[in-house]
*Asks:* 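Below are the structure tokens for one structure; questions will follow.
Chain identifiers are assigned alphabetically (A, B, ...) following the order of the sequence lines, protein sequences preceding nucleic acid strands; residue numbering begins at 1 within each chain.
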There are 2 protein chains.
Amino acid sequence: MLNKKASTQKTREKILDTAEHLFSIYGIDGTSVRNITRQAGVDLSLVNYYFNTKDQLFEEVLVRRVAKMSDARIEQLNEFNFNEDKNTAIPKILRRFIEPLIGKNENEVKELSNYRKLIALVANSKLWQDVIFKYHYDPIAEEYIDAIWRLSNNLSREDVCWAFNFFLGSLTNAIAETGRVDRLSYGDACSSDLDTMVNKIVAYSSAAILHMGNIKTTH
Amino acid sequence: MLNKKASTQKTREKILDTAEHLFSIYGIDGTSVRNITRQAGVDLSLVNYYFNTKDQLFEEVLVRRVAKMSDARIEQLNEFNFNEDKNTAIPKILRRFIEPLIGKNENEVKELSNYRKLIALVANSKLWQDVIFKYHYDPIAEEYIDAIWRLSNNLSREDVCWAFNFFLGSLTNAIAETGRVDRLSYGDACSSDLDTMVNKIVAYSSAAILHMGNIKTTH
DNA sequence: GTCTATAGCTTGATAGAC
DNA sequence: GTCTATCAAGCTATAGAC
């Protein structure tokens, strides 16, 4: 028999897990509290008991993941060796930024699967900028931008900002695992093969950052 | 006094314009038919009269733009000179792909503004892949992938697919105009300055495609 | 902490007058 | 083609029993 505290933990997390899952597929407005509780197998009123409102439930879904993510990224940065040649340092630092979003082992990769898709879904919307990105993600993004700026000696900070945003756009689209690359490649590439995806995006984005200064864009 | 046909055209397009606008901000589920008709200044029941269902209205919002977009992109490709050096050809072909989404003059840029944001919103969702991208956008994407593959002699088609998807991820995020690059650059960059954005993304993505084959990604 | 029951509102869609 | 009126269903949130 579960005691009160263990039951609370179990119900709370069942709601959070199910909410994260449905939000990541149908969006926040496309997911009703009823659908969440039905699929989680708990009573409708328990969402309001634990989280007050649907909005606060969504906030909790995010907060639950975001602290760990930021800590891991900062740790990766603190341990980073900036004396390395930039041709190898840039790929490394991008990989360090990506890894906490993917996970270190099979379990973690699976655990973060719905979270990744949810982040992808809100990344291209202006609505969630203040709620999510401004406070939770921007401070760490700024650290990485400064680090990359230090490593790439021939770019302005503004250009590094553009570059990092383009990189984030590629990344958020890739973790959405839309299956589009599968179709376009006639099955040769697989959007759910995250190991390969990470290798490809690191190569692509590093090449972009290292060489964008030398491209002529006059048309 | 307007005749019947002119009135129909006017009401239909007022609904389409308003729907496109609200969908692009709040998403499909976050926008009610009532909100659309209220803001458009037309009666609630006219949505069902002209479009039957909300889903079909959304479909019409997309279809209205997509044919022009595809035609322009194919035309750009047909006129393309493939004998040029790849270092200048790659930036050029990427620019050709982007331009129809932005518009040729101030009016077009403004007219397509909401459409761009709507596309950005659905691009990172698996839900809309079949409805929108598979049939409306993939055929043209394949043409551009093959063209880029032809130009970049040292990449596999699979790698070009990954690259083009990363490019599309950057692009869809950029046209969302989330304002994030503004914050991260402390105001030096501006996400609504599309001219600059296009120059930057062309440089970034061309560098990526031209040089990704030479990056070592071992960690 | 979990349940039933329900209030109060918004939703998409339609029937029928003009 | 446009309007009023309305339906049936779904929604978030809450009050109160256990």
*Asks:* Quickly work out the B/Ile15 CD1 to D/dG1 P distance and round it to whole Å.
*Replies:*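 After rounding, the gap between these two atoms is 11 Å.
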*Asks:* Between atom CG in A/Asp29 and atom C1' in C/dG12, what is the gap in whole Å?
*Replies:*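 About 16 Å, once rounded to whole Å.
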*Asks:* Between A/Ser32 and A/Asn52, which is nearer to the 5' end of DNA chain D once each is assigned its nearest nucleotide?
*Replies:*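 Looking at DNA chain D, the more 5' nearest nucleotide goes with A/Ser32.
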*Asks:* Rounded to whole angstroms, how far apart are CD on B/Glu13 and P on D/dG1?
*Replies:*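 B/Glu13 atom CD is separated from D/dG1 atom P by 14 Å.
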*Asks:* Out of C/dT4, D/dG1, C/dG12, which has the shortest distance to the side chain of A/Asp43?
*Replies:*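 Selected nucleotide (nearest to the side chain): C/dT4.
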*Asks:* Please tell me which of the listed nucleotides, D/dG1, C/dC3, C/dG12, lies nearest to the side chain of B/Val33?
*Replies:*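 Of the options given, the side chain of B/Val33 lies nearest C/dG12.
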*Asks:* So does B/Arg12 pair up with B/Glu60, basic N to acidic O under 4.0 Å?
*Replies:*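 Looking at B/Glu60 together with B/Arg12, the answer is yes, because their closest N to O distance falls below 4.0 Å.
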*Asks:* Parallel, tilted or perpendicular: which fits the ring planes of A/Tyr204 and B/Phe166, with parallel below 30° and perpendicular above 60°?
*Replies:*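 The arrangement is tilted - the two ring planes meet at 30° to 60°.
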*Asks:* In whole angstrom, what separates A/Asn48's CG from C/dT2's P?
*Replies:*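 Distance, rounded to whole Å: 14 Å.
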*Asks:* Across the strands shown, which category fits B/Thr31 at heavy-atom distances under 4.0 angstrom: base, sugar-phosphate, nothing?
*Replies:*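 Touches sugar-phosphate only.
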*Asks:* C/dA13 P sits how many Å from B/Leu44 CG, rounded?
*Replies:*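 For the pair B/Leu44 CG and C/dA13 P, the rounded distance is 10 Å.
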*Asks:* Base of C/dC3, side chain of A/Ser45 - is there a donor-acceptor contact under 3.5 Å?
*Replies:*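 It does, because a donor-acceptor pair links the side chain of A/Ser45 to the base of C/dC3 below 3.5 Å.
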*Asks:* In whole angstroms, how far is the C1' atom of D/dA9 from the CG atom of A/Asn35?
*Replies:*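 To the nearest whole Å, that distance equals 14 Å.
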*Asks:* To the nearest Å, give me how far apart CG (B/Leu57) and C1' (C/dA13) are.
*Replies:*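 Atom-to-atom, B/Leu57 to C/dA13, this comes out as 14 Å.
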*Asks:* Would you indicate what A/Thr11 reaches in the nucleic acid, counting non-hydrogen atoms under 4.0 angstrom: base, sugar-phosphate, or nothing?
*Replies:*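 A/Thr11: backbone/sugar contact only, no base atoms under 4.0 Å.
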*Asks:* Walk me through whether B/Phe164 and B/Phe97 qualify under ring-ring contact (aromatic ring centres under 6.0 Å, His included).
*Replies:* CA-CA 11 Å; B/Phe164 197 70; B/Phe97 181 86; 5.3 Å; yes
*Asks:* Pick from A/Tyr135, A/Phe23, A/Phe58, A/Phe133: which one makes a ring-ring contact (aromatic ring centres under 6.0 Å, His included) with A/Trp128?
*Replies:*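 Testing each of A/Tyr135, A/Phe23, A/Phe58, A/Phe133 against A/Trp128, the sole residue satisfying ring-ring contact (aromatic ring centres under 6.0 Å, His included) is A/Phe58.
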*Asks:* C/dG1 phosphate, OP1 or OP2: any side-chain N/O from A/Thr8 under 4.0 angstrom?
*Replies:*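 Yes.
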*Asks:* Find the distance A/Gln9:CD to C/dG1:P and express it as a whole number of Å.
*Replies:*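 Checked: the CD to P distance equals 11 Å.
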*Asks:* Applying side-chain contact (heavy atoms from CB on, under 4.5 Å) between A/Lys54 and each of A/Ile28, A/Asn48, A/Val47, report the one that passes.
*Replies:*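 In the set A/Ile28, A/Asn48, A/Val47, the residue that makes a side-chain contact (heavy atoms from CB on, under 4.5 Å) with A/Lys54 is A/Ile28.
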*Asks:* Which nucleotide in the set D/dA13, D/dG1, C/dG12 lies at the smallest distance from any side-chain heavy atom of A/Thr53?
*Replies:*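 So the nucleotide nearest the side chain must be D/dA13.
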*Asks:* Within the 4.0 Å heavy-atom criterion, would you say B/Tyr50 contacts the bases, only the backbone, or no part of the nucleic acid?
*Replies:*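 Sugar-phosphate contact only.
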